[in-house]
2 protein chains.
Amino acid sequence: MIRRIGKRTLQFAERPFLLSHAAAVGKKEGDGPLGAQFDFVTEDDRMGQKSWELAESELQKTAIDLAVKKAGLQKSDLDVILAGDLLNQCIGSFLASVGSDVPYLGQYGACSTMAQGLALGGCLVEGCAARRLLAAASSHFCSAERQYRFPLAYGGQRTPTAQWTATAAGAAVLSAADPRGGSSGIRVTHALFGRMVEMGVKDANNMGAAMAPAAYDTLSTLLSDLGAQPADFDCIVTGDLGHVGADILLTLLREDKIDLSPVYSDCGSLLFGDEQDAHAGGSGCGCSAAVLCGPLLRDMEGGRLRRLVFAGTGAMMSPTSVQQGQPIAGICHAVVIERSGA
Amino acid sequence: MIRRIGKRTLQFAERPFLLSHAAAVGKKEGDGPLGAQFDFVTEDDRMGQKSWELAESELQKTAIDLAVKKAGLQKSDLDVILAGDLLNQCIGSFLASVGSDVPYLGQYGACSTMAQGLALGGCLVEGCAARRLLAAASSHFCSAERQYRFPLAYGGQRTPTAQWTATAAGAAVLSAADPRGGSSGIRVTHALFGRMVEMGVKDANNMGAAMAPAAYDTLSTLLSDLGAQPADFDCIVTGDLGHVGADILLTLLREDKIDLSPVYSDCGSLLFGDEQDAHAGGSGCGCSAAVLCGPLLRDMEGGRLRRLVFAGTGAMMSPTSVQQGQPIAGICHAVVIERSGA
C-alpha cells in the first residue's frame with residue numbers, strides 16, 4: 001500500500017526488501033578509496049570486448065549477474081528489469097539484458113537513473129506489479145568521452161569544474177518478500193520522484209551547478225514531507241554532484257537553516273581520491289549506482305548505516321541540445337532505505 | 001489492486017481512467033488518411049523553432065498541453081509525467097516538460113515508448129503511487145533522419161522495407177478517478193511488460209522484421225494469459241511494425257493457429273496512404289502515440305471500439321550499435337483499454 005505524505009513523498013507500508021546488490025567497476029575506480037568495497041574490479045576496461053560500448057554493456061551485465069546470484073535467484077525469477085545508461089538510445093542497458101528473457105523497461109534519468117529505477121521499482125513491488133525486480137545503471141569513461149566530448153586519442157583538456165565519467169555499474173534486486181524469511185534486512189521505505197529544475201546553466205563542463213538546485217528541491221521537499229531533520233538519517237547521499245555541486249547544495253540548504261553537512265556525502269566526491277585527477281569528482285549513471293550497490297549498501301549490511309537517503313541527480317542535456325544553446329536542467333529522484341531487525 | 005494472471009499479464013481491479021488524450025502531427029501526417037482525426041496539424045514542421053529537435057519538443061508539448069486541457073486539469077494536477085522519444089538522451093521529452101514543474105520519469109522503449117508509459121502509468125495509478133499522470137511520446141522525421149541516417153539535404157535513398165519516421169506526438173492522462181463522476185469512460189484494464197526478442201536481424205532499414213517476433217511473444221502471451229481469442233477484442237493494434245513487420249506477425253501467429261487478421265491493425269500501416277511514398281509505413285515513438293491518442297481513442301469515445309489491445313513495438317538499437325554489427329532486438333509492451341458504460 002502506497003501512501004502519499006506531504007507534498008510528494010510516497011511511503012511504502014510493505015517496505016520492499018532490497019535483497020541483494022552488486023557493483024562492478026573499472027581499474028581507476030578500483031584504485032580509488034572505495035576500491036576494496038566493489039564486488040568486481042576489472043583490470044581491462046575493455047572487458048574483453050571489441051568496443052567501449054560493448055565493454056560498458058558487459059560491465060552492467062556483470063553487476064546484474066552478481067546481484068541475481070547474491071540474491072540466490074535465477075534471472076527467470078525476476079518479473080522485470082529497469083535499467084538505463086548515458087549512451088545514445090541506451091544501448092549499454094539493452095545489450096546487457098537482451099539475452100535474459102526478462103521483461104525490460106528502459107529508463108532514462110541521466111545520472112539519476114539508478115535512483116529512478118529504485119524509486120519506480122519500489123512502487124512496482126509495493127503495488128504488486130512485480131514480485132521481484134532488478135534495477136541497474138552503468139556508465140563508461142571511454143564510451144562517454146567519445147559520445148559527449150572527444151575520442152580519447154584526441155587528448156581533450158578538461159576544466160576544473162568537469163566531472164569524470166565513472167567506468168562503473170550497479171544493480172540491486174527488490175523483492176516483496178525475503179525468501180530467507182523474516183522481516184529483518186535492508187528495505188526501501190519511501191520514494192520521491194523529482195521534477196526538473198532549470199536555472200539557466202549552459203556549461204556542459206559544470207554539471208554539478210546544473211544539478212544542485214534539483215537536489216535542493218528534492219531533499220528539502222523530502223525532509224519537509226517526512227517532518228524530518230538531517231540528523232534523523234545516518235547518511236544523506238547525492239549522486240553525483242561532485243565537489244562543485246555538493247558545495248552549492250549545502251549552501252542552498254543553509255539558506256533555509258538546514259545544515260546537511262554532518263550526514264552528507266556525494267557519490268561523485270567519494271569515488272575518486274584527490275590524487276586521481278578526476279577534477280570535480282565522478283559522474284555518470286554508473287557512479288552513484290556502484291557507490292550505492294558497493295560501499296553504501298555494504299555499510300548498511302554491516303550495521304554501520306541504518307537509515308540512508310539515496311538521492312540520484314541527473315543533468316538533462318545532450319551534445320546536440322548544448323550545441324543548440326539549450327540550458328541544462330537538473331533532476332533528482334530519491335529513495336529512503338532502512339536496515340531493520342538484527 | 002494489481003493481480004498477476006497467467007504468465008505475465010497484470011490485471012487492474014480499479015481500472016485507471018484514461019481521462020483524456022491528444023495528438024499533434026506534422027503536415028504529411030495531416031495529409032494522410034487519418035489527418036482529420038488529430039487534434040493539431042501543423043502547417044510548419046519547424047513549429048516556429050530554430051532546430052528540428054526543438055520542433056519535436058514543441059510538438060510533444062502541444063500534445064501534452066492539449067491532453068491536460070481536455071481533461072479539465074492544470075499541469076500542477078499531475079503527479080508525474082512519463083515521456084520519451086528517439087533523440088539522443090531523450091531531449092525532445094525533457095525540453096517539452098522542463099518548465100512544467102511536474103515530477104518527470106524519462107522512459108526509453110524506442111517506438112514502444114507510448115505503450116511503455118501507459119503500462120507503467122497504469123501500474124502507478126492502480127498502485128496508488130500517482131493519482132493522475134500523463135504519458136507522452138514523440139518523434140520527428142527531420143530530427144530522426146539527421147540522427148539515424150543523413151541530414152535531409154543529402155537526399156539519401158531509402159529501401160522498400162524502410163519505415164518513415166512520423167512527425168507526431170501523443171499524450172494521454174491516466175487517473176484513479178474520473179472527476180466528472182461515474183464509472184463509465186475509457187479505462188485501462190490490463191498491462192503486459194514485454195521482453196526483448198532478438199532473432200539476428202541486423203538491417204536498420206528493416207525494423208519491422210526486427211520487431212515482429214517481440215510482438216508475437218507479447219500478443220500470444222497476453223491472449224493465453226487472458227484465455228482470450230482475437231475476436232474478444234474489437235481491435236488489436238501494433239505500433240509500429242509497418243507493412244513488412246505486420247505480415248511477419250500475422251504469419252507467426254497463424255503457425256499457432258491464431259488468426260489475428262479480422263481485428264488487426266498496425267499504427268505504422270494506418271498513418272500514411274499508399275500514395276504518400278512512406279515505403280513500409282510509419283514509425284517513430286510519435287507514430288503509435290498519435291494514432292492511439294487521435295483516431296483510436298476517438299473511436300472508443302464514439303463507441304465504434306469498445307475493447308482494444310494497444311501493443312507498442314520498439315527496435316532496440318542505435319546507429320553505433322548497428323555500425324558495430326550488433327543485432328537489433330525487438331520489444332513489445334501492451335495495454336488493454338476498454339470503454340465501459342454508456
Side-chain angles (χ1 to χ4, degrees), chain A residues 1-4 8 10 50-51 53-54 79-80 84 86-91 93-95 97-110 113 116 119-120 123-124 126-131 147 191-196 198 314 316-321 324-327 329 331 333, chain B residues 1-4 8 10 50-51 53-54 79-80 84 86-91 93-95 97-110 113 116 119-120 123-124 126-131 147 191-196 198 314 316-321 324-327 329 331 333:
Chain A
M1 176 69 184
I2 300 174
R3 199 162 69 92
R4 301 180 65 86
R8 290 196 279 140
L10 303 175
K50 285 185 182 174
S51 73
E53 290 77 14
L54 293 179
D79 288 331
V80 65
L86 293 172
L87 295 178
N88 298 342
Q89 289 74 57
C90 307
I91 57 165
S93 304
F94 128 58
L95 288 168
S97 285
V98 68
S100 70
D101 251 11
V102 180
Y104 176 87
L105 293 169
Q107 301 301 306
Y108 186 75
T113 300
Q116 176 172 327
L120 202 45
C123 291
L124 293 179
E126 183 79 18
C128 302
R131 294 158 298 187
Q147 180 177 288
L192 191 152
F193 297 136
R195 52 189 179 188
M196 288 185 278
E198 185 269 293
M316 305 304 264
M317 49 74 74
S318 77
T320 302
S321 75
Q324 293 182 358
Q326 295 305 305
I331 195 162
H333 304 293
Chain B
M1 176 68 184
I2 300 174
R3 198 162 69 91
R4 299 180 67 85
R8 290 196 278 142
L10 303 174
K50 285 185 183 176
S51 72
E53 290 76 14
L54 293 179
D79 288 330
V80 64
L86 293 172
L87 295 178
N88 297 343
Q89 288 75 56
C90 306
I91 56 166
S93 304
F94 128 59
L95 288 168
S97 286
V98 68
S100 70
D101 250 10
V102 181
Y104 177 86
L105 293 168
Q107 301 301 306
Y108 185 77
T113 300
Q116 176 172 328
L120 202 45
C123 291
L124 292 178
E126 183 79 19
C128 302
R131 293 159 299 188
Q147 180 176 288
L192 190 151
F193 296 138
R195 53 190 178 187
M196 287 185 277
E198 185 269 291
M316 305 304 265
M317 49 75 74
S318 78
T320 303
S321 74
Q324 292 182 359
Q326 293 305 304
I331 195 162
H333 304 292

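Below, chain A is the first sequence line, B the second, and so on; all start at residue 1. Quick caveat: nothing in here was measured; it's all calculated off a predicted structure.
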Side chain, backbone, both or neither: which part of Thr113(A) has a non-hydrogen atom closer than 4.5 Å to chain B?
->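 For Thr113(A), there is no contact with chain B at all, as no heavy atom is under 4.5 Å.
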
Side chain, backbone, both or neither: which part of Glu126(A) has a heavy atom under 4.5 Å from chain B?
->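 No part of Glu126(A) comes within 4.5 Å of chain B.
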
Under 4.5 Å from any heavy atom of chain A - which part of [X]:
X: Leu86(B); value: backbone
X: Leu105(B); value: both
X: Arg8(B); value: side chain
X: Gln326(B); value: side chain
X: Gln147(B); value: side chain
X: Val102(B); value: backbone

Could you walk me through whether Phe94(B) and Ser318(A) pass side chain to side chain contact (heavy atoms under 4.5 Å, CB included), step by step?
-> CA-CA 10 Å; Phe94(B) 128 59; Ser318(A) 77; over 6 Å; no

Answer whether the closest heavy-atom distance between the side chains of Glu53(A) and Ile91(A) falls below 4.5 Å.
-> yes

Determine whether Met196(A) and Ser97(B) make a side-chain contact, defined as any pair of heavy atoms from C-beta on separated by less than 4.5 Å.
->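 Counting from C-beta outward, Met196(A) and Ser97(B) do come under 4.5 Å.
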
Using a 4.5 angstrom heavy-atom cutoff, name the option from [options] with the most pairs to chain A.
options: Met316(B), Met317(B), His333(B); value: Met316(B)
options: Val98(B), Leu87(B), Ile331(B); value: Val98(B)
options: Leu120(B), Thr320(B), Leu124(B); value: Leu120(B)

Please round to the nearest 0.5 Å and tell me the distance separating atom CD of Gln107(A) and atom CD of Gln116(B).
->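 Result: 6.5 Å between the selected atoms.
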
Heavy atoms only, distances under 4.5 angstrom: which of [options] has the most pairs with chain B? Name it, please.
options: Asn88(A), Leu192(A), Leu54(A); answer: Asn88(A)
options: Gln89(A), Arg131(A), Arg195(A); answer: Gln89(A)
options: Ala129(A), Ala130(A), Gly127(A); answer: Ala129(A)

Dump the intermediate steps for side chain to side chain contact (heavy atoms under 4.5 Å, CB included) on Cys123(A) and Phe193(A), then the final yes or no.
-> CA-CA 11 Å; Cys123(A) 291; Phe193(A) 297 136; 3.8 Å; yes

Please test Leu10(A) against Arg3(A) for side chain to side chain contact (heavy atoms under 4.5 Å, CB included), starting from the C-alpha separation and ending with a verdict.
-> CA-CA 6 Å; Leu10(A) 303 175; Arg3(A) 199 162 69 92; over 6 Å; no

Would you say the side chains of Ser51(A) and Gln324(B) form a donor-acceptor pair under 3.5 Å?
-> yes

